[in-house]
Amino acid sequence: MAHEIDALLQETREFPPSESFRAQANIHDPAIWEQAKADREGYWAGWAEQLDWQTKWTRVLDWNPPDAKWFVGGKLNASYNCVDRHLATRGDKPALIWEGEPGEVRRITYRELHGDVSRFANALKMLGVASGDRVAIYMPLIPEAVVAMLACARIGAVHSVVFGGFSADALRDRIQDAQAKLVITATSGYRRGSVVPLKKTTDTAVAECPSIEHVVVVRRRDEDDATLNEREVWYHDVMAGADAECEPEWVDSEHMLYMLYTSGSTGKPKGIVHTTGGYLTGCYATCKWVFDLKDDDVYWCTADIGWVTGHSYVVYGPLACGATVMLYEGAPDWPKQDRFWDIIERHKVSVFYTAPTAIRAFMKWGPQLPQAHDMSSLRLLGSVGEPINPEAWIWYHKYIGGERCPVVDTWWQTETGAIMITPLPGLVATKPGSATKPFPGIDAEILDQHGNRVEVGGGYLAITSPWPSMLRGIYGDPERFRQQYWSKWPGVYFTGDGAKRDADGYFWLLGRVDDVINVAGHRIGTMEVESALVDHPAIAEAAVVGIAHEIKGTAIAAFCIVKESERANALADPAKFEQELKAHVAEKIGAIARPEKILVTADLPKTRSGKIMRRLLRDIAEGRALGDVTTLADPGVVATLKEKYEEEA
Ligand code: PRX
């Protein structure tokens with residue numbers, strides 16, 4: 001930890017909100033943090049009251065650590081809150097503006113979205129899906145994906161969205177873990193000009209998923225065709241026959257809305273469980289105050305629906321606010337590197353939320369690209385997914401925000417459901433690289449190993465009181481839930497992140513302190529990649545670490561011990577072998593987990609208790625501990641390095 005904290009730059013620049021932004025901001029009362037603290041439950045209840053409930057709750061919170069129930073006894077429906085309640089005032093307003101990668105544009109009003117969601121909800125019922133059943137969604141970023149999520153919510157079914165870039169194995173594991181009854185997929189999707197065959201991958205996965213009763217297939221391109229078997233149906237066919245009225249299922253506030261798999265430090269990905277009332281409250285509140293959403297905004301969060309950001313800030317939060325949401329299916333550099341700026345100009349995007357890894361790529365491509373577009377519609381910028389380095393922050397502020405848009409660096413997690421540490425753009429002076437302060441009503445602290453509060457300085461980031469959008473568990477594994485998040489200090493949530501607080505009380509995030517690697521804003525467990533490598537017939541043992549990368553922030557380096565029997569064969573052509581291993585990981589997990597570097601080694605440095613010494617491996621991979629890594633194949637080298645490190649420690 002100390003090592004990381006020392007490495008942090010002292011950033012002294014400050015950007016206070018402009019008077020004009022402050023004056024129009026949804027929140028501009030600096031007393032709000034104190035007020036929320038004085039009556040936390042009353043404050044959150046005030047937010048929940050801004051949603052539509054069929055039955056009001058009787059108690060705001062039941063807290064038996066680590067189990068929380070929010071808005072106890074209340075009944076509501078998430079799709080009703082995201083769609084129906086806007087019909088009277090915003091029926092003809094676009095809910096979605098979608099652009100496909102090849103350039104087609106669709107505008108879908110709230111009224112149209114209501115019709116589609118209701119029809120698809122009825123179709124799901126016809127296919128035997130009932131409240132509480134799990135439905136997997138494996139789709140490109142097309143409007144039907146949003147319809148699918150909301151249709152599940154409408155009938156009380158639990159969606160489990162699996163990112164369209166994940167492999168068949170990853171999809172299969174997630175379907176099996178959730179025991180999903182139905183999968184919704186598409187024939188294909190576009191990515192950087194090529195066609196991704198999603199249906200084929202689904203077929204491979206589903207062949208090993210006996211729980212699946214039906215597969216619904218969206219035809220992404222007119223020319224896509226497929227012969228469907230008896231359990232598969234076309235989306236357009238079931239929609240054509242479905243009634244456009246569907247009474248929402250009024251579910252309990254604590255009814256499971258969705259599960260979403262994310263990587264942890266050990267074992268297989270875990271299905272994070274979110275429920276309805278508290279989750280929606282958190283998404284709604286943060287959209288109102290962090291993104292300062294107004295009725296005339298065109299709001300664009302560039303995340304895919306496969307990640308939590310796509311759940312909270314493409315679908316549930318902005319739609320609960322009645323916003324117009326921009327959706328773009330494809331890559332930022334297709335057909336050219338100015339695609340995002342072109343979209344902002346043509347659709348007059350006013351609020352833009354993206355990830356540091358993208359911002360670093362934009363920087364590399366150069367300011368002349370945004371400068372060639374009229375981006376004066378923008379009024380607020382956001383960042384999420386990993387620490388944003390001050391240079392990238394300044395570049396974003398200057399070239400994308402024209403020095404007039406506040407930049408909100410938002411810290412949160414799949415587990416937290418909604419933004420937790422963030423500037424309120426009309427109130428908080430930002431410092432490049434700092435997520436600033438906890439959202440009102442959130443108790444975030446820096447704690448040391450023993451749970452003592454660190455006023456100024458570094459430590460572990462913890463959340464010390466329950467919050468409405470918190471995870472309610474890991475699907476099917478209450479023990480892992482308790483162990484992973486609640487065992488470090490009693491009744492306190494451990495985030496897995498290190499952070500420091502400066503003298504002004506600002507939080508600076510320092511990255512993961514566990515064995516999770518944040519690659520381009522996506523969490524990957526070292527264990528998952530190691531298992532995928534060991535699954536290759538030539539590999540006996542593997543250890544994976546994160547290394548610094550110019551665009552991705554962090555990339556994966558893998559140390560592999562080759563089986564004696566395979567050595568001669570594998571090492572005859574090292575370059576080819578390296579490619580083969582990288583491809584193997586991509587096939588097992590998905591392209592996002594593909595290692596950047598493979599290092600063949602004769603031994604792995606471990607502590608006496610058998611824990612891999614990852615810091616040493618990181619130093620080796622980044623060239624600090626060893627100039628020439630080819631000597632790693634010499635069994636003596638690792639042992640010598642290990643001794644040297646143990647002496648230092
Ligand atoms: O390490 C933190 C980093 O991303 C992790 C959460 O990843 P995930 O659950 O995939 O959710 C990503 C989108 C919310 C955190 O534990 N992280 C996320 N946002 C930031 C961040 N690190 C620094 N600054 C942020 N703004």
Side-chain angles (χ1 to χ4, degrees), residues 4 8 11 161 163 165-166 258-265 269-274 279 282-283 286 290 301-314 316-317 353-360 381-390 392-393 396 407-423 430-439 442 444 446 458 460-463 469-471 474 484-485 493-500 506-525 528 546 552-554 590 592-593:
E4 282 164 297
L8 194 79
E11 176 59 57
V161 182
F163 173 54
F166 277 136
Y258 70 81
M259 53 202 286
L260 181 64
Y261 286 83
T262 190
S263 297
S265 49
K270 45 198 179 183
I272 300 299
V273 170
H274 283 292
Y279 173 77
C283 293
T286 47
V290 178
C301 163
T302 65
D304 188 88
I305 46 139
W307 312 111
V308 74
T309 311
H311 286 59
S312 302
Y313 297 111
V314 174
Y316 291 108
Y353 188 36
T354 196
T357 184
I359 299 167
R360 288 189 295 265
L381 302 176
S383 168
V384 61
E386 51 179 316
I388 178 165
N389 36 314
W393 194 104
Y396 193 34
V407 175
V408 291
D409 172 9
T410 62
W411 177 90
W412 58 295
Q413 308 178 296
T414 305
E415 292 87 341
T416 69
I419 293 168
M420 302 289 278
I421 303 182
T422 177
T430 51
K431 301 185 190 186
S434 169
T436 76
K437 299 185 173 191
F439 188 79
I442 298 296
I446 314 259
Y460 301 104
L461 181 64
I463 314 294
S469 64
M470 66 197 276
L471 77 165
I474 295 177
Q484 192 112 44
Y485 304 107
Y493 173 82
F494 174 46
T495 62
D497 278 11
K500 78 163 204 173
Y506 278 48
F507 286 72
W508 300 77
L509 276 300
L510 300 172
R512 303 289 305 189
V513 295
D514 55 10
D515 294 335
V516 170
I517 307 179
N518 189 330
V519 179
H522 299 305
R523 274 161 63 171
I524 297 170
E528 284 170 82
K552 296 177 184 170
T554 308
I592 49 166

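Both ligands and their constituent atoms are indexed starting at 1 by order of listing. All values below were derived from every heavy atom in this structure, side-chain atoms included, with hydrogens, water molecules and symmetry-related copies excluded.
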Can you tell me if Y313 and T286 form a side-chain donor-acceptor pair at under 3.5 Å?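 Yes.
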
Does the side chain of T414 come under 3.5 Å of the side chain of Y261 through a donor N or O and an acceptor N or O? no

Report yes if the side chains of [X] and [Y] come closer than 4.5 Å at any heavy-atom pair, otherwise no.
| X | Y | result |
| --- | --- | --- |
| R523 | Q413 | yes |
| W307 | T262 | no |
| D497 | L509 | yes |
| H311 | H274 | no |

Please tabulate, one line per pair, the protein nitrogen or oxygen atoms found under 3.5 angstrom from a nitrogen or oxygen of ligand 1, with distances to 0.1 Å, or say none if there are no such pairs.
| residue | atom | partner | partner atom | Å |
| --- | --- | --- | --- | --- |
| ligand 1 | 1 (O) | D497 | OD1 | 3.0 |
| ligand 1 | 1 (O) | D497 | OD2 | 2.9 |
| ligand 1 | 4 (O) | G385 | O | 3.2 |
| ligand 1 | 4 (O) | N518 | ND2 | 3.3 |
| ligand 1 | 9 (O) | T414 | N | 2.8 |
| ligand 1 | 9 (O) | T414 | OG1 | 2.6 |
| ligand 1 | 9 (O) | R523 | NH1 | 2.9 |
| ligand 1 | 16 (O) | Q413 | NE2 | 2.9 |
| ligand 1 | 16 (O) | D497 | OD1 | 3.0 |
| ligand 1 | 16 (O) | D497 | OD2 | 3.1 |
| ligand 1 | 16 (O) | R512 | NH1 | 2.9 |
| ligand 1 | 17 (N) | G385 | O | 3.3 |
| ligand 1 | 19 (N) | G385 | N | 3.1 |
| ligand 1 | 22 (N) | P387 | N | 3.4 |
| ligand 1 | 24 (N) | E386 | O | 3.3 |
| ligand 1 | 26 (N) | D409 | OD1 | 2.8 |
| ligand 1 | 26 (N) | T410 | O | 2.7 |

